[in-house]
Amino acid sequence: MTVPDPVDGTTGGVAARYLAAVAAQDVAAPPDHPAPQGKRYRYAPRWPLRWPGPGAPPLGPTGADRLSALLLGYAPRRLELITNTAFAAMRGWPSTLPDLSRLLPAWFTTRRAVPSGGAFHPAELYVVWAGTADLPPGVYHHDAAHHTLELLRPGDPAAALDHLLGAAASEPRHALVVACRVVKNAGKYRAFGYQLAMMDSGVLLGQLAGSPLAGRVHLASDPKVGETLLGLDGDMETVVAVVELPAARLGGTPLAAPGPAAAPLSITEPPSTIAPPAPSGLDGDRRNLAEADPAVTALHRAIRTGAGTAPPVDVPVPPRDSAPVPAAGSPVALPTPAAPSRAATAHRASANDLAPGLTVGQLAGILAYAGGHRAAGALAELTGHPRHPDLWCLVDRVDGLAPGAYRYDRERHLLWPSTAHDGAPARLADRLNAGMSRAGASLFVVAGGDPPVGRLDPVALRDLYLRTGAAVQLAALAAGTVGAATRPMGGFDAVAATALLGLPAGAVPLLHLLLGAPRPRAGALAVAFTEGSADA
């Protein structure tokens, strides 16, 4: 059957066409594409946020200081992008520190998980601020490298927030808007870059939702509303989610705006005289958009126009190698998980090597947090959704659990054994990732087979990728809480993983997370950062 052209509004085949384009693309990256650039609004009014550190006054419990703590602990940040001055303030070292790349390997990231292991972070973070005594109301872009807010549009954003979130609020609130530069990494990853970008945006979303300051999480069903508010070129950058920040959680309610009452911020297309300033750093995005795979632009166009909500038509799904169906044998009851530690989650770091010592209790805590077992608050919007992806495990060496393949039952907090292995399950993961140090288990985020991924409508496919990234990040955050180490892997043999796990027909492994115990590291990286306040 011919897949319909999405231009005519029949969008059922858009997901299948995109997945086919990813499967057909070459592995090698073009050599002539430079690394993507960070986005900045160089001519916008700037509000530097305060850094904590030795000798600096402690951050206050309200307003911009509370926001600073939230962004330092949860926003995307890569250590070598931090300015020397800021690094000195955090560690108490001289500001004339030599190039930071000499102090740490280029792959090391703080508080971030793969997919964006190469620091190609496609997610951008915006702050819609109701106003406090130390920060005027308006819409801001967070320049993560300099920990500075760039004012895009001044004014009281209450009406704009009501429009963005689809409901009015009786209490003051702020919001964090997560946007994705959908073609930022296309020069390296081509069609696969869209999937990777959405997963990476989900990583950030999962991290933000884990903050105690977060309220509800809204996945953007109509990206154009947020694009208009932020002044984005929706072909290159689109809003994917909004995280509410109840004003009371940031220190008192109501929070009065400074000086005279701010004029309402228009929610319609702003006149050119008050439009957000032009950003820099998007030259590569424009080039990538011009060279984008038609399947990528069709998928993105269907989501932005709202056409992706139509019932999918019957499209052919590429045949898959048959895989054993999981056995309905006796499940393994997991220990009751401990509540996640807020202090630990803000300091999660990806590890390059793993050591033996993972226990079934640690694995249980990781699965419960990432899988949505008893999820509450902001996390319930992500992990409690019926389309939250499944979690499967390849257990190699976990104290208290037999080696093998398992499916996690998030409703009852159980592990169901699979008959996929050949009776010699030890070192299963070595057959999947040759040469990787193995010391515990491999956690896979899996898209269920009903409906198959290729038959999802475009919005559902985008949301699946966002939830996949969130699940990986929540697993990494929980690992920091229980004392385990993680190494997320975006690249792996999906066919081999399907066979080793014994996935049912139509199920697709999307991301892979190595779990083990942390190995000690010498030098500056062995010292934990103390960013933000204790409860944020």
Side-chain angles (χ1 to χ4, degrees), residues 47-53 56-78 82 86 89-90 110-112 121 123-151 157 161 171-179 201 203-218 241-253 255 340-349 377-379 381-382 470 473-474 476-477 480-481 528-536:
W47 266 265
L49 296 173
R50 295 203 304 136
W51 292 83
L59 292 179
T62 62
D65 273 5
R66 198 81 188 262
L67 176 65
S68 176
L70 168 64
L71 295 176
L72 281 171
Y74 292 88
R77 179 162 302 284
R78 187 173 172 85
I82 300 176
M90 295 164 60
T110 60
R111 293 176 305 285
R112 289 288 283 187
H121 304 308
E124 298 286 344
L125 196 59
Y126 298 84
V127 179
V128 183
W129 194 249
T132 55
D134 52 2
L135 185 63
V139 177
Y140 298 84
H141 172 253
H142 182 231
D143 177 356
H146 301 89
H147 193 44
T148 294
L149 295 179
E150 301 168 317
L151 179 63
L161 269 178
E171 298 292 335
R173 57 181 172 174
H174 317 285
L176 296 176
V177 181
V178 181
S201 299
V203 166
L204 175 57
L205 182 59
Q207 185 141 306
L208 292 170
S211 167
L213 303 181
R216 291 194 62 186
V217 172
H218 305 258
V242 183
V243 180
E244 290 188 45
L245 299 178
R249 299 188 187 180
L250 279 88
T253 182
L255 295 177
S341 165
R342 299 299 186 185
T345 57
H347 305 293
R348 184 210 63 81
L379 291 177
E381 305 284 342
L382 291 174
Q473 181 66 344
L474 293 174
L477 293 172
T481 298
F529 284 94
T530 55
E531 297 180 351
S533 57
D535 62 346

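Numbers for residues simply follow the sequence, beginning at 1. This structure is a prediction, so every number in the text was calculated from the model and none was measured.
L151 approaches G138 most closely through the heavy-atom pair CD1-CA, 4.4 Å. In this structure, A130 and R173 approach most closely via the heavy-atom pair CB-O, 3.5 Å. Closest heavy-atom contact between A64 and L49: O-CD2, 4.2 Å. Scanning all heavy atoms of the two residues, the minimum distance from G206 to L474 falls at O-CD2, 3.5 Å. Looking at every heavy atom in both residues, A179 comes nearest to S201 through O-OG, 4.3 Å. The two residues A175 and V242 have their closest heavy-atom pair at CB-CG1, 3.8 Å.
Distance check, rounded to the nearest 0.5 Å: CG of L70 to CG of D65 gives 12.5 Å. Of the inter-residue distances, the one linking E124 atom CD with D143 atom CG reads 9.0 Å to the nearest 0.5 angstrom. Atom-to-atom distance recorded for R249:CZ and L213:CG is 8.0 Å, nearest 0.5 angstrom.
Between W129 and L250 the shortest side-chain heavy-atom distance falls below 4.5 Å. Side-chain contact check for L176 versus V127: some heavy-atom pair is nearer than 4.5 Å. Put simply, the side chain of L67 does not reach to within 4.5 Å of the side chain of T132, judged on heavy atoms. The shortest side-chain heavy-atom distance between L125 and V178 falls under the 4.5 Å cut-off. In this structure the side chain of E171 never reaches within 4.5 angstrom of the side chain of P246, judged on heavy atoms. Side chains of H142 and E150 form no contact here, defined as non-hydrogen atoms less than 4.5 Å apart.
In this structure Y126 satisfies the side-chain hydrogen bond (donor to acceptor under 3.5 Å, both in side chains) test together with K39, E237, sequence neighbours excluded.
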